[in-house]
Visitor: 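Following this message is one structure expressed as structure tokens.
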Amino acid sequence: MKTKLITNMYDFECKLFRSVNRHFDQKILNFYFRTITHLGGAIATIVISLILVICTRGLIQATSIASAFSLLVSHLPVALVKRLYPRKRPYLALLETKVAANPLEDHSFPSGHTTAIFSVIIPFILFMPQLALILIPLAISVGFSRMYLGLHYPSDVLAGCLLGSSSGFLSYILLSEDFYSKISIF
């Protein structure tokens, strides 16, 4: 019974993955998703977080610190889970997967790019809700790009979204009182 449920869930996930990845050959989508996916990468998330911490003041700097803290905290479980639950990437497990040259070779679960982008944006959304209209579609695009590019299953992306969002919310809770008291001093 349990095996059949897991098999059915995996079949559904593969079907969902294929429905996204099958559009891989469209030039406009390729340009968009190959570009946007980098916003969830380590270089972009770390550099943007550090620049904002160093170059801003007040609420933006405080939020940037929470965001950078969230990014750091979120990647510890990502590294651990990738080691504990090694999962082949879809292009290695599903023969018909479309993927660019030189794809990633580490484990698939959870999506590090999705974790990173959600961990970075959630503190900004919680401190400055008006940014949600821009940041949520951006983060969803990064997550979606990981499936489109053949690098992650939907559950990898969902786990990354939940992990990054949880980390962002936790950093907001842990740091918000301290930040607001410091901001009111200035």
Side-chain angles (χ1 to χ4, degrees), residues 7-52 64 67-68 70-72 74-75 77-79 81-83 85-125 130-168:
T7 301
N8 287 341
M9 288 172 55
Y10 179 72
D11 290 343
F12 174 74
E13 179 170 46
C14 290
K15 185 176 180 180
L16 184 58
F17 168 80
R18 287 182 186 110
S19 72
V20 173
N21 182 251
R22 71 185 169 110
H23 299 286
F24 184 80
D25 296 325
Q26 296 184 18
K27 288 183 181 184
I28 293 172
L29 291 177
N30 276 353
F31 176 76
Y32 177 73
F33 286 123
R34 285 181 179 183
T35 304
I36 200 82
T37 200
H38 294 295
L39 289 178
I43 293 171
T45 53
I46 292 169
V47 168
I48 290 168
S49 295
L50 289 177
I51 287 172
L52 289 172
S64 301
S67 184
S70 174
L71 181 62
L72 174 67
S74 72
H75 271 69
V78 167
V81 171
K82 281 189 184 256
R83 288 184 188 269
Y85 301 101
R87 182 183 197 186
K88 288 183 179 179
R89 291 187 180 269
Y91 73 88
L92 294 171
L94 306 173
L95 296 176
E96 66 280 3
T97 300
K98 298 174 183 180
V99 68
N102 302 319
L104 300 171
E105 294 185 16
D106 64 336
H107 299 299
S108 177
F109 184 82
S111 168
H113 281 67
T114 308
T115 302
I117 195 69
F118 275 93
S119 71
V120 168
I121 70 155
I122 293 300
F124 280 97
I125 291 169
Q130 64 275 22
L131 293 176
L133 292 172
I134 297 167
L135 296 178
I136 291 174
L138 174 77
I140 290 171
S141 288
V142 170
F144 199 79
S145 76
R146 305 311 288 166
M147 293 183 290
Y148 177 86
L149 296 171
L151 301 171
H152 287 286
Y153 292 98
S155 62
D156 301 340
V157 172
L158 180 60
C161 173
L162 294 174
L163 185 57
S165 296
S166 299
S167 171

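Numbers for residues simply follow the sequence, beginning at 1. Quantities reported herein were computed from a predicted structural model and do not represent experimental measurements.
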Visitor: In Å and rounded to the nearest 0.5 Å, what is the CD1 to CD1 distance from Ile117 to Ile122?
Guide: 10.0 Å
Visitor: Return the minimal non-hydrogen interatomic distance between His75 and Ala116, and the atom names on each side.
Guide: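 His75 and Ala116 have their closest heavy atoms at CE1-CB, 3.5 Å.
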Visitor: Minimum heavy-atom separation for Leu163 and Ser74, please, with both atom names.
Guide: CD2-O, 3.9 Å
Visitor: For Ser64, does its backbone N or O pair with a side-chain atom of Ser67 as donor and acceptor, under 3.5 Å?
Guide: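 No, the answer is negative, given that no donor and acceptor are paired below the 3.5 Å cut-off.
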Visitor: Answer yes or no: is there a side-chain heavy-atom contact under 4.5 Å between Phe144 and Val157?
Guide: no
Visitor: If we check side-chain contact (heavy atoms from CB on, under 4.5 Å) with Leu71, which of these qualifies: Pro123, Ser49, Ser167?
Guide: Ser49
Visitor: Is there side-chain contact between Ile48 and Val120, with at least one heavy-atom pair below 4.5 Å?
Guide: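 Counting from C-beta outward, Ile48 and Val120 never come under 4.5 Å.
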Visitor: Using only atom types and a distance under 3.5 Å, with no angle test, would you say the side chain of Ser70 pairs donor to acceptor with the backbone of Ser119?
Guide: yes
Visitor: Looking only at heavy atoms, what is the nearest atom pair of Val142 and His113, with distance?
Guide: CG1-O, 4.1 Å
Visitor: Looking at Thr115 and Ser111, would you say the former's side chain and the latter's main chain have a donor-acceptor pair under 3.5 Å?
Guide: yes
Visitor: Any chance you could measure Ile140, atom CD1, to Thr114, atom OG1, to the nearest 0.5 Å?
Guide: 11.0 Å
Visitor: Can you measure from CG (Asn30) to CG (Leu149) and round to the nearest 0.5 angstrom?
Guide: 7.5 Å
Visitor: Taking only residues two or more places apart in sequence or in another chain, which ones pass ring-ring contact (aromatic ring centres under 6.0 Å, His included) with Tyr10?
Guide: Tyr153
Visitor: Scan for salt bridge (charged side-chain N to carboxylate O under 4.0 Å, His left out) pairs involving residues 21-35, sequence neighbours excluded, and state none if there are none.
Guide: Asp25-Lys98
Visitor: Compare every heavy atom of Leu52 with every heavy atom of Phe124, then report the nearest pair and how far apart it is.
Guide: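 Looks like CZ-CD1, 3.8 Å.
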Visitor: Roughly how far, to the nearest 0.5 Å, is CZ of Phe118 from CD1 of Ile136?
Guide: 7.5 Å
Visitor: Apply salt bridge (Lys or Arg N to Asp or Glu O under 4.0 Å) to Lys88 and list each qualifying residue two or more places apart in sequence or on a separate chain.
Guide: none
Visitor: Is the shortest heavy-atom distance from the side chain of Cys14 to the side chain of Arg18 under 4.5 Å?
Guide: yes
Visitor: Name all residues meeting the ring-ring contact (aromatic ring centres under 6.0 Å, His included) criterion together with Phe24; count only those two or more places apart in sequence or in a different chain, and write none if there are none.
Guide: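 Partners of Phe24 under the ring-ring contact (aromatic ring centres under 6.0 Å, His included) test: Tyr148.
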Visitor: Sequence neighbours left out, what pairs pass salt bridge (charged side-chain N to carboxylate O under 4.0 Å, His left out) with at least one residue falling in residues 132-145?
Guide: none
Visitor: List the atom of His152, the atom of Pro110, and the distance in Å for their closest heavy-atom pair.
Guide: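 Taking His152 first and Pro110 second, the nearest heavy atoms are CE1-O, 4.1 Å.
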Visitor: At their closest point, which heavy atom of Phe109 faces which heavy atom of Ser155, and how far apart are they?
Guide: CE1-O, 3.8 Å
Visitor: Does anything in residues 134-163 form a salt bridge (charged side-chain N to carboxylate O under 4.0 Å, His left out)? List the pairs, not counting sequence neighbours.
Guide: Arg87-Asp156
Visitor: Give, for atom CG of Asn8 and atom CD of Glu13, the distance between the pair rounded to the nearest 0.5 Å.
Guide: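 Here the interatomic distance stands at 13.0 Å.
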Visitor: Using 0.5 Å steps for rounding, measure from the CD atom of Glu96 to the CG atom of Asn21.
Guide: 8.5 Å
Visitor: Contact between Leu92 and Thr97 at the side-chain level, heavy atoms closer than 4.5 Å - yes or no?
Guide: no
